[in-house]
Amino acid sequence: MTTQLPKTYAPGQVEAKWYRFWVEQGFFHADAAHPKTPFSIVLPPPNVTGSLHMGHALTLTIQDILVRWRRMEAYNVLWLPGTDHAGIATQIVVEREILRSENKSRHDLGREEFLRRVWQWKEKHGGRISEQSRALGASLDWERERFTMDPAYSRAVREAFVRLYEEGLIYRARRLINWCPRCYTALSDLEVEHQDEQGSLWYIAYPVAGDPSTRLVVATTRPETMLGDTGVAVHPDDERYRHLIGKKVALPLTDREIPIVGDPILVDREFGTGAVKVTPGHDFNDFEAGLRHNLEQISVLDLHARINENAPAKYRGMTTDEARQAVVADLEAAGLLVKVEPHTLAVGRCQRCDTVVEPMLSLQWFVKTGPLAAPAIEMIEAGKTRFVPESWTKTYMHWMRNIKDWCVSRQLWWGHRIPAWYCKDCGHITVARQDPSRCAKCGAGALTQDEDVLDTWFSSALWPFATLGWPGDTRDLKTFYPTTVMETGYDIIFFWVARMMMMGLFFMKKVPFRVVFLHAMVVDEKGEKMSKVKGNVIDPLDLCNRYGADAVRFTLAAMAAQGRNIKLAPARVEGYRNFANKIWNASRFTLMNLAGYECDRFVDAYREGPENLDLRLPDRWILSRLQHSIKAVDDALEDYKLNEAAQLIYRFIWTELCDWYVEMAKSALYAHGDDGESATRKRMTQGVLATTLETAMRLLHPIMPFLTEEVWQQLPRPAGSPASIMITAFARADQRYIDDDAERAMELLQRVIEAVRGIRADYNVSPGQPVDVTIQVEDDFQKTILSGYTAYVVELAKAQKVTVRRGGAAPAGLHASALAAGVEVLVPLAGVIDPAVELPRLEKEARKSALEVEAVQKRLSNPNFEVRAPAEVVTETRERLADAQARMAKLSAMIERLKHA
RNA sequence: AGGCGCGUAGCUCAGUGGGAGAGCACUACCUUGACACGGUAGGGGUCGGCGGUUCAAUCCCGCCCGCGCCUACCA
């Protein structure tokens with residue numbers, strides 16, 4: 001039997017083929033009525049405007065690994081996909097497009113037409129990211145794909161708003177909010193990004209009213225806002241200013257007089273002059289201080305962040321920058337500018353467009369968060385939901401405990417319109433599930449709906465249950481809520497995770513998920529955030545094309561250690577591409593050597609247990625190693641340590657299976673003899689090789705779904721196997737195949753083989769030239785193993801005659817020698833033994849042993865050691881000393897022999 | 001200001017209260033009948049610094065230095 005498999009694995013066609021197959025077979029689809037234990041994850045919905053970036057690739061990979069693994073473990077798995085309408089982001093994209101193609105603004109089109117265009121855009125491009133997700137092999141239940149503006153989802157959003165309003169948890173108020181003059185909308189605190197920028201601190205003198213010779217000097221970073229000052233605050237205990245409290249100052253550049261107040265909260269006596277101008281209309285602290293002292297709130301900026309009519313005429317229409325220059329110049333001219341100092345300050349910028357955000361007085365809708373946060377705190381404390389890594393609990397708690405009310409109205413068009421209607425006659429606000437035709441209070445018909453839409457995150461907060469049919473009482477909801485795991489990036493822990501907790505608990509009375517698994521951010525090789533501006537973006541689809549989706553997935557899994565940012569290096573992906581190729585070739589080798597193999601027969605016997613098989617050392621060893629690997633991989637996955645799982649599989653397949661077992665299997669597989677003995681050996685080897693590979697494929701499938709499916713489909717399978725590896729049972733460790741004796745024996749054999757190879761390398765013995773090997777052993781175990789398996793030394797170390805001796809004098813003549821796991825390995829190399837080669841190697845070994853003897857002796861010489869240390873540690877340490885001493889003795893004997901030969 | 005995290009081989013990173021690891025890179029040899037996207041052998045580290053706890057610290061604790069992130073109302 002021959003195989004036509006190419007020498008190099010080509011992922012391209014393989015991936016497309018199997019993905020199509022999986023979808024066609026319906027393997028991704030969850031059945032809510034199925035009795036198996038549910039395991040559910042809702043995919044964090046990417047923006048409809050999005051295209052796949054590394055962050056998506058990471059989240060998809062991690063979730064798909066969990067999902068495929070649990071599916072193979074026979075859970076009833078739901079992984080639900082969808083996209084988010086992403087209010088501001090989408091509106092910006094479409095606005096820009098319309099501006100470019102038609103040179104029109106959204107206002108030129110009007111609300112209705114603009115929304116029609118956005119929908120049009122969504123229909124055309126909105127499916128892109130879902131499409132791209134398929135390339136990574138994501139086993140999402142596409143039949144359940146959701147969009148946050150689907151009619152059903154929109155009903156859920158409206159229901160949520162109305163219920164919160166009815167419970168008094170949503171209210172409308174005139175407050176200071178963050179305003180983006182570019183996006184022309186209110187923002188929540190979270191949508192403002194603060195960055196330190198270099199600015200100045202201006203010291204301005206305010207003359208005391210009625211006493212112009214006395215001047216109160218204030219310090220400010222925003223001199224232009226002085227036009228809206230309505231007070232000056234000093235610390236009530238400050239001897240310098242206490243006498244001024246209650247008096248007034250004449251506000252320069254205006255004709256207003258404003259009070260001097262004492263405020264211990266706002267004022268830090270150490271900062272600046274200890275006197276602060278108070279501008280309740282343009283600063284959050286000042287707003288609070290203003291409330292404490294009943295100061296007037298004056299807004300001197302319009303919504304485009306230009307000076308408005310509340311300021312002196314000469315400044316009207318200026319931008320904040322222009323106004324700043326003008327105000328500073330005028331103050332200086334008036335002799336009121338005392339000094340200017342350089343000063344760094346945190347400037348708030350719009351998350352979406354980077355424009356400087358202005359605190360602005362405005363009438364907006366708010367969610368009262370206190371009552372919602374309380375249970376969201378309690379449930380974490382009670383362990384109903386836990387964070388992985390656990391350290392995020394603290395971050396979450398801190399934010400939740402200091403939460404402020406959430407401004408949820410946005411002055412945008414794209415989004416869920418706020419279901420509130422205002423009565424022209426009586427001013428009553430009607431908030432309703434169905435569009436009302438008349439005022440709920442006075443019955444008048446003249447109603448106008450609120451123009452604003454809701455923050456996108458308001459609708460996202462409902463994702464874990466709105467996607468499952470809420471507010472309906474659906475089967476999906478019953479089966480899959482609470483979801484099992486919420487896997488997402490730590491950057492949206494407040495934006496999203498915290499809000500889902502609040503909303504899930506409020507509406508469902510149960511936590512939305514049992515585990516919050518937070519992954520790190522993917523950054524470039526240098527550790528910098530990927531951005532189009534920097535040009536350091538790595539496109540996951542490009543990587544998939546070059547190296548295969550499996551290699552990309554494996555890289556992400558292997559690097560996704562909990563806690564640290566992931567510096568993605570393409571060289572790493574290439575390394576795992578090589579790993580895929582290694583597996584491919586191990587599979588080729590296996591398939592090339594299965595002639596005459598009867599799968600059912602072997603697998604039946606294998607299931608019965610090892611006593612039904614005629615296994616030799618390498619077989620027993622690899623099967624034992626396999627069981628350990630399975631257990632370790634399973635444990636790692638249970639603990640969400642995907643990198644550990646990946647590493648374990650990598651080592652098992654490459655180092656143990658390929659480097660050792662496959663090499664040792666060759667003699668049995670290539671044997672031509674048709675006697676019973678060699679035929680049995682061949683069958684056993686075929687069986688162990690095929691079974692180990694098949695099991696390893698199942699172990700690896702969650703991480704590398706495509707390659708494992710391709711290989712698995714080609715491997716012989718017992719009758720009645722499922723149609724796909726993805727619906728087989730995940731590998732389970734079988735205790736019966738754990739074989740400590742075999743592992744110890746192999747260890748010895750491996751060290752001896754390596755010792756011979758080392759000698760060959762040192763003397764540059766060409767591979768074609770066999771060498772004789774003498775192995776000097778010390779006990780029966782060593783003797784039995786090494787004389788029983790000399791054939792492997794012959795094959796793997798290219799030896800010719802292998803002699804195993806116990807005791808007696810060293811063989812005559814010059815030998816190259818090495819110490820391996822307690823046995824002495826001697827290779828006579830007539831005429832070429834060079835002490836200059838030999839001595840350094842042996843001396844180096846001897847030095848290492850000497851250092852160890854010293855270290856261990858030191859430990860043992862401490863009288864407290866034996867008393868305090870656990871008994872097994874003491875025993876172990878004594879053994880180590882004996883080993884090291886024996887090693888040293890042997891090495892010095894070898895060195896002496898060499899010197900005197 | 002507070003919180004969190006990081007500092008281990010040239011690079012990127014695992015890891016553990018008791019004998020320092022991987023991948024890549026590097027050196028030497030090898031077209032051996034799965035694989036050169038390969039094989040074999042090898043070089044390379046005071047585990048950031050100082051102190052403490054312990055029989056024993058790279059690991060636990062404290063301080064310091066350096067780096068990063070998050071939260072925060074110092075004008």
Side-chain angles (χ1 to χ4, degrees), chain A residues 3 5 7-9 194 201 218-222 225 233 265-268 270-279 283-289 343 345-346 389 391-392 394-395 398-399 402 490-491 493-494 520-521 523 525 527 547 551 558-559 561 563-569 571-572 574-593 641 643-644 647 650-651 655 658-659 662-663 666 670 754 757-762 764-768 796-798 841 852 855-856 858-860 862-870 873-874 876-877 880 883-884:
Chain A
T3 171
L5 295 184
K7 281 170 85 166
T8 305
Y9 174 58
H194 294 274
L201 196 57
V218 300
T220 179
T221 55
R222 298 198 62 190
T225 63
I265 298 171
L266 182 68
V267 179
D268 170 3
E270 309 300 316
F271 190 90
T273 59
V276 190
K277 66 195 246 343
V278 185
T279 324
D283 182 281
F284 287 97
N285 293 320
D286 293 6
F287 180 81
E288 295 298 325
H343 184 76
L345 68 161
S391 55
W392 288 109
K394 212 168 175 176
T395 306
H398 181 259
W399 188 78
N402 294 286
Y490 67 76
D491 55 332
I493 186 167
F494 306 137
M521 298 295 112
V523 294
E525 282 176 274
Y547 302 114
M559 301 194 74
R564 202 192 292 226
N565 278 353
I566 300 168
K567 289 186 195 169
L568 189 77
R572 196 80 185 248
E574 192 178 327
Y576 293 123
R577 185 273 314 265
N578 296 351
F579 177 53
N581 196 52
K582 187 76 180 174
I583 294 169
W584 179 252
N585 277 289
S587 309
R588 278 181 78 222
F589 171 80
T590 304
L591 293 166
M592 283 173 180
N593 290 288
K641 292 178 176 167
N643 61 321
E644 233 175 85
Q647 199 191 359
Y650 186 94
R651 291 179 80 137
T655 311
C658 293
D659 289 350
V662 164
E663 292 308 321
K666 283 177 178 171
Y670 293 159
E754 283 166 354
R757 286 168 173 170
I759 290 169
R760 296 184 63 106
D762 278 347
N764 224 339
V765 181
S766 79
L796 300 188
K798 300 281 187 300
R841 188 162 48 80
E852 182 160 7
V856 178
K858 188 179 159 199
R859 184 174 305 166
L860 282 165
N862 183 335
N864 278 326
F865 176 68
E866 284 178 60
V867 184
R868 307 272 174 96
V873 173
V874 176
E876 210 176 282
T877 309
R880 256 181 72 195
D883 284 354

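All chains are named by letter (A, B, ...) in the order of the sequence lines, taking the proteins before the strands, and each is independently numbered beginning at 1. What you see is a predicted model; the values in this text were computed from it and never measured.
Comparing the same atom, C1', in B:C47 and in B:C59 gives a spacing of 9 Å after rounding to whole Å. Rounded to a whole angstrom, the distance from the C1' atom of B:G5 to that of B:A75 is 31 Å. Taking atom P on both B:U12 and B:U54, the two are 38 Å apart, rounded to the nearest angstrom. Atom C1' of B:C65 sits at a distance of 7 Å from the matching atom of B:G49, rounded to the whole Å. Between the C1' atoms of B:C35 and B:U40, the separation comes to 15 Å (whole Å). For the P atoms, the distance linking B:G10 with B:A36 amounts to 32 Å, nearest Å. To the nearest whole angstrom, the two C1' atoms, one in B:U16 and one in B:C60, are 12 Å apart. B:G2 and B:C73: their P atoms are spaced 16 Å apart (whole Å).
In this structure, A:Phe579 places its CZ atom 12 Å from P of B:G38, rounding to the nearest Å. The distance between atom CH2 of A:Trp399 and atom C1' of B:G2, rounded to the nearest whole Å, is 18 Å. A straight line from CD of A:Glu754 to P of B:G39 spans 14 Å, rounded to a whole angstrom. When the C1' atom of B:G21 is taken as reference, atom CD of A:Glu644 falls 13 Å away, rounded to whole Å. Distance A:Met521 CE to B:C70 P: 10 Å, rounded to the nearest Å. If you take OH of A:Tyr490 and C1' of B:C4, they are 10 Å apart, rounded to a whole angstrom. To the nearest angstrom, P of B:G33 lies 9 Å from NZ of A:Lys666. Rounding to whole angstrom units, CH2 of residue A:Trp584 and P of B:C37 are separated by 17 Å.
In this view, A:Ala586 and A:Cys658 satisfy the side-chain contact (heavy atoms from CB on, under 4.5 Å) rule, not counting sequence neighbours. A:Asn285 is linked by a side chain to side chain donor-acceptor pair (under 3.5 Å) to nothing, counting only residues two or more places apart in sequence or in another chain. Residues satisfying the side-chain contact (heavy atoms from CB on, under 4.5 Å) criterion with A:Glu288, sequence neighbours excluded, are A:Leu291, A:Arg292. Judged as a side chain to side chain donor-acceptor pair (under 3.5 Å), and not counting sequence neighbours, the contacts of A:Lys666 are A:Glu663. Partners of A:Thr225 under the side-chain contact (heavy atoms from CB on, under 4.5 Å) rule, at least two apart in sequence or in another chain, are A:Arg222, A:Lys277, A:Thr279, A:His282. For the side-chain contact (heavy atoms from CB on, under 4.5 Å) test, residues two or more places apart in sequence or in another chain that qualify with A:Asn862 are A:Asn864, A:Phe865. Among residues two or more places apart in sequence or in another chain, the ring-ring contact (aromatic ring centres under 6.0 Å, His included) test is passed with A:Phe494 by A:Trp399. Qualifying ring-ring contact (aromatic ring centres under 6.0 Å, His included) partners for A:Phe271, counting only residues two or more places apart in sequence or in other chains: A:His343.
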Quick one: do A:Tyr9 and A:Ile583 satisfy side-chain contact (heavy atoms from CB on, under 4.5 Å)? Show the steps, please. CA-CA 9 Å; A:Tyr9 174 58; A:Ile583 294 169; over 6 Å; no

Apply the test side-chain contact (heavy atoms from CB on, under 4.5 Å) to residues A:Val218 and A:Val276: give CA-CA distance (whole Å), side-chain angles for both, the deciding distance (0.1 Å), then the verdict. CA-CA 5 Å; A:Val218 300; A:Val276 190; 5.9 Å; no

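Residue-level contact check: A:Phe494 touches the backbone only, with heavy atoms under 4.0 Å from sugar-phosphate atoms and none from bases. As judged by a 4.0 angstrom heavy-atom cut-off over every strand, A:Asp659 is placed among residues touching the sugar-phosphate backbone only. At the heavy-atom level, A:Arg757 lies under 4.0 Å from the strands shown only through sugar-phosphate atoms. A:Lys7 comes within 4.0 angstrom of the backbone, heavy atoms only, and of no base. Among the protein residues, A:Val662 comes within range of the nucleic acid bases, having at least one heavy atom under 4.0 Å from a base atom.
Picking from B:C37, B:C4, B:C35 the nucleotide with the shortest atom distance to the side chain of A:Glu663 gives B:C35.
One finds the CZ atom of A:Arg651 at 11.5 Å from the CG atom of A:Asp659 (value rounded to the nearest 0.5 Å).
Within 6.0 Å of atom CZ in A:Arg757, more than 12 heavy atoms from other residues, nucleotides or ligands are found, so the atom counts as buried in its surroundings.
Judged by distance alone, the side chain of A:Asn643 and the main-chain N or O of A:Met559 form no donor-acceptor pair under 3.5 Å. Judged by distance alone, with hydrogens and angles left aside, the side-chain atoms of A:Arg577 form no donor-acceptor pair with the main-chain N or O of A:Ala551 at under 3.5 Å. A:Asn585 contributes a side-chain N or O that, together with a main-chain N or O of A:Lys7, makes up a donor-acceptor pair within less than 3.5 Å.
Remark: A:Lys582 is not in phosphate contact with B:C35, judged by side-chain N or O atoms under 4.0 Å from OP1 or OP2.
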Canonical and wobble pairing (Watson-Crick, G-U, under 3.5 Å) of RNA chain B, dot-bracket with |: (((((((..((((....[..)))).(((((.......))))).....(((((..]....))))))))))))....

What does the list of N/O pairs under 3.5 Å between the protein and nucleotides 73-75 of chain B look like, with a distance for each?
from  : atom 1 : to       : atom 2 : distance (Å)
B:C73 : OP1    : A:Lys404 : NZ     : 3.4
B:C73 : O4'    : A:Asn285 : OD1    : 3.0
B:C73 : O4'    : A:Asn285 : ND2    : 3.2
B:C73 : O2'    : A:Asn285 : ND2    : 2.2
B:C73 : N1     : A:Asn285 : OD1    : 2.9
B:C73 : O2     : A:Asn285 : OD1    : 3.0
B:C74 : O2     : A:Asp268 : OD2    : 2.5
B:C74 : N3     : A:Asp268 : OD2    : 3.4
B:A75 : OP2    : A:His343 : NE2    : 3.3
B:A75 : O2'    : A:Ala219 : O      : 3.2
B:A75 : N6     : A:Asp268 : O      : 2.9
B:A75 : N6     : A:Phe271 : O      : 2.4
B:A75 : N1     : A:Asp268 : N      : 3.0
B:A75 : N1     : A:Asp268 : O      : 3.4

For nucleotides 24-32 of chain B, tabulate all protein N/O to nucleotide N/O atom pairs closer than 3.5 Å, reporting atom names and distance.
none

Nucleotide N/O of nucleotides 17-20 of chain B paired with protein N/O under 3.5 Å:
from  : atom 1 : to       : atom 2 : distance (Å)
B:G18 : O2'    : A:Arg859 : NH1    : 3.2
B:G19 : OP1    : A:Arg880 : NH1    : 2.5
B:G19 : N3     : A:Arg880 : NE     : 3.4

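In terms of polar N and O atoms assigned as donor or acceptor, the side chain of A:Arg588 never comes within less than 3.5 Å of the base of B:C35 in a complementary pairing.
Aromatic rings of A:Tyr576 and A:Tyr547 (six-membered ring for Trp) have centroids beyond the 6.0 Å cut-off, not under it.
Annotation: of the two residues near RNA chain B, A:Thr590 and A:Asn862, the 5′-most nearest-nucleotide partner is A:Thr590.
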